[in-house]
Amino acid sequence: MKLSELKENQQAIIVDLNTKEIQRRLFDLGFMAGQKITCTNIGIFGSPIAYSLCGCTIALRKKDADEIGVSI
């Protein structure tokens with residue numbers, strides 16, 4: 001399942017990151033395999049999407065969230 005497919009207030013565990021472009025930046029923000037993540041808010045047009053992990057809220061574009069695999 002893709003991270004962008006989560007509904008609001010749904011929690012999942014990150015499985016893998018398929019993006020090479022921003023992978024380093026995502027690691028710095030706490031996006032790594034095994035980390036719990038929660039979808040907190042979806043933008044009006046579906047992007048950006050806000051996620052909560054490691055005690056903070058981070059917004060990602062939908063196209064970037066499409067590259068992150070999660071497990072419910």
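Only a predicted model underlies this, so the values are computations on that prediction, with no experimental measurement involved.
When all heavy atoms of Val70 and Ala12 are compared, the closest pair comes out as CB-CB, 3.8 Å. Nearest heavy atom pair, residue Thr40 against residue Tyr51, reads OG1-N, 3.9 Å. Pairing each heavy atom of Gln11 with each of Ile72, the nearest pair is O-CG2, 4.3 Å. Of all heavy-atom pairs between Cys39 and Lys7, the closest is CB-O, 3.4 Å. Nearest heavy atom pair, residue Ala50 against residue Thr57, reads CB-CG2, 4.0 Å. In terms of heavy-atom proximity, Gln35 sits nearest to Leu53 at CG-CD1, 3.7 Å.
Residues forming a side-chain hydrogen bond (donor to acceptor under 3.5 Å, both in side chains) with Arg61 (at least two apart in sequence, or on another chain): Asp64.
Connection of Ile13 to Met32 is not established within any shared hydrophobic cluster, with ILVMFWY side chains joined at heavy-atom distances below 4.5 Å, either directly or through further cluster members.
Rounding to the nearest 0.5 Å places OG of Ser71 at 11.5 Å from CD1 of Ile14. Rounding to the nearest 0.5 Å gives a distance of 11.0 Å between CD of Gln23 and CD of Glu67. Taken from CD in Gln10 to CD in Glu5, the straight-line distance is 10.0 Å, to the nearest 0.5 Å.
Annotation: side chain of Ile49 is in contact with side chain of Ser4 (closest heavy-atom distance under 4.5 Å). Using a 4.5 Å heavy-atom threshold, the side chains of Ile37 and Leu3 count as touching.
No option in Asn18, Val15, Leu26 other than Leu26 meets the side chain to side chain contact (heavy atoms under 4.5 Å, CB included) test with Ile68.
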